[in-house]
Amino acid sequence: MTVEQKVPVTILTGFLGSGKTTLLNRILSEEHGKRIAVIENEYGQVGIDQGLVINADEEVFEMSNGCICCTVRGDLIRVLGNLMKRRDKFDYVLVETTGLADPGPVAQTFFMDDEIRNEFSLDGIVTLVDAAHIDQQLGRSDESSEQVAFADVLVLNKTDLVSDESLDILESRLRDMNRMARVVRSKQAKVSIDTVLNLSAFDLDQVLKRRPTFLEPEYPFEWTGVFSLEKGRYELSLEEGPDPTMSLVVLEDQGIDEAALNAGAESCVRLYADSAELLHPGSTVPLEKHVSLQLQSNGRKSFFLELDNPTHIGLFTQHTAEEFDIKVSRLDTLIAKTESDGKNDALVQPETERTWVAEHEHDDEVRSIAIERIGDVDPEKLNNWLSRLLSEKGVDIFRTKGFISYAGESRRMVFQGVHMLFTAQPDKEWGNEPRHNQLVFIGRNLDEEEMCREFDKCLV
Ligand SMILES: Nc1nc2c(ncn2[C@@H]2O[C@H](COP(=O)(O)OP(=O)(O)OP(=O)(O)O)[C@@H](O)[C@H]2O)c(=O)[nH]1
């Protein structure tokens with residue numbers, strides 16, 4: 001395949017509420033003659049964004065899975081793989097990342113994986129900046145700085161909310177952070193399509209100069225042990241660890257040199273993007289599948305491996321072997337030895353081990369809360385509650401969005417909030433769709449129970 005035939009991809013990034021979906025909708029509704037496939041990377045359990053993207057012939061896919069920085073690459077490979085099966089239906093791809101994502105691992109996907117690299121080319125990274133909130137976001141979130149640093153184009157949006165002087169100061173701050181990017185100002189993300197699509201702007205060599213570690217991947221697993229095993233039945237036993245479950249993929253025929261370990265890791269990135277089957281103690285672990293070991297009960301727990309042929313198996317575990325004291329033992333020897341001298345020389349030592357250390361720190365405090373309720377809401381009560389909540393906690397609540405069913409209103413109401421600013425606007429008719437409410441909050445120090453209780457008081 002020649003370079004010309006690759007599908008161009010633009011990544012839309014920017015902190016929560018900066019205007020990514022607004023820009024996306026603008027692009028989708030403009031006459032540009034392109035058939036665009038959209039990939040939404042949504043954060044949180046409830047998919048709101050898909051409902052906010054305008055109805056268009058464009059294909060919308062969603063991904064939402066675990067820690068964004070570790071799992072996004074596997075998710076994206078899966079979604080892009082599905083897209084390729086409908087290659088004749090589109091000629092451009094737009095990826096909207098969640099506002100909490102570091103765009104690095106998203107961009108990396110287009111260079112790390114051979115199949116993806118052969119089919120797609122990263123055209124550029126467009127970062128939306130919320131002129132009213134970026135100062136506070138840059139101070140509090142590494143992702144926000146990374147989004148600015150990775151941009152090929154910075155769209156300084158929401159210029160209606162700040163003075164021209166502030167915009168000038170902001171623009172020079174952004175230029176200091178990223179001298180390569182073009183900066184354009186906008187209201188409601190109104191920029192000409194030529195400034196954001198078909199730029200051929202992403203330059204891997206330049207990125208590597210500025211950031212030599214760009215192609216060093218982050219993995220959704222922390223440890224690999226390779227064991228040379230005969231045909232037979234084995235016990236995989238674990239102690240309690242810090243988490244009640246642990247993800248695992250067992251690969252067959254896993255080599256032990258550096259290249260083989262890296263190849264195994266890459267194929268695990270894909271397998272980890274499949275949803276995990278929950279396995280209880282006593283279960284046999286399937287090979288080449290993403291499973292989640294249930295470890296909640298007291299004491300040491302056993303799972304089993306059945307091998308029809310001698311092989312090298314690679315265990316790719318979510319946490320390190322040390323944390324759960326993972327042991328592999330040959331079972332028939334285990335029984336024989338336990339009966340004779342009590343010594344366990346059935347234990348198999350790994351031929352090689354490898355720890356994959358994540359560079360990033362997980363910001364565990366940031367979480368999303370979703371409230372989903374059937375029924376109608378009293379608009380006044382809801383407005384009073386949200387105004388109070390956002391004025392008290394607006395610093396910690398980065399983003400509010402969702403759909404609300406107002407009593408006596410035939411249309412669905414769309415709620416949009418960024419920190420303390422929020423709006424409610426009528427959208428499409430409910431029609432035959434059951435009237436319901438979906439509200440998502442993303443932020444720190446959120447009290448889910450209390451928020452649900454308060455919401456319920458707003459129902460009629
Ligand atoms: N005042 C003002 N509001 C804007 C502007 N652009 C977008 N908005 C509003 O800001 C809110 C967030 O916009 P979105 O486009 O949903 O932002 P987003 O980046 O997709 O949000 P997330 O996906 O949650 O990160 C919406 O209510 C928009 O209508 C602008 O230029 N000025």
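We count ligands from 1, going down the list as the structure has it; atoms in each ligand are counted the same way. When reading the values below, keep in mind they use all heavy atoms of this one structure, side chains included, and skip hydrogens, waters and symmetry mates.
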Using a strict cut-off of 4.0 Å, indicate which atoms of ligand 1 neighbour a heavy atom of [X].
X	value
Leu16	25 (O)
Asp160	1 (N), 2 (C), 30 (C), 31 (O), 32 (N)
Lys401	22 (P), 23 (O), 24 (O)
Thr21	15 (O), 16 (O), 18 (P), 20 (O)
Lys187	31 (O)
Thr22	7 (C), 13 (O), 14 (P), 15 (O), 28 (C)

Before accepting this row, confirm whether a basic side-chain N of the pair [X]/[Y] lies closer than 4.0 Å to the acidic partner's carboxylate O.
X	Y	answer
Asp376	Arg435	yes
Lys187	Asp160	no
Arg73	Glu266	yes

Ring centres under 6.0 Å, that's the criterion: do [X] and [Y] meet it?
X	Y	result
Phe415	Phe403	no
Phe214	Phe150	yes
Phe316	Tyr219	no

Which is closest to atom 29 (O) of ligand 1 in terms of heavy atoms, Lys190, Gln416, Gln188? Gln188
Proximity flag [X] to ligand 1, non-hydrogen atoms under 4.0 Å:
X	answer
Glu96	yes
Gly17	yes
Leu161	yes

Can you find a side-chain donor-acceptor pair between Thr21 and Glu96 that sits under 3.5 Å? yes
Full working for side-chain contact (heavy atoms from CB on, under 4.5 Å) between Ile404 and Phe455: CA-CA 11 Å; Ile404 298 290; Phe455 183 86; 4.0 Å; yes
Please indicate whether any nitrogen or oxygen in Thr423 is less than 3.5 Å from any nitrogen or oxygen in ligand 1. no
Considering distance alone, does some N or O of Thr159 sit under 3.5 Å from an N or O of ligand 1? no
Applying side chain to side chain donor-acceptor pair (under 3.5 Å) between Gln416 and each of Lys401, Gln425, Arg399, report the one that passes. Arg399
Side chain, backbone, both or neither: which applies to Arg399 and ligand 1 if a contact is any heavy-atom pair less than 4.0 Å apart? side chain
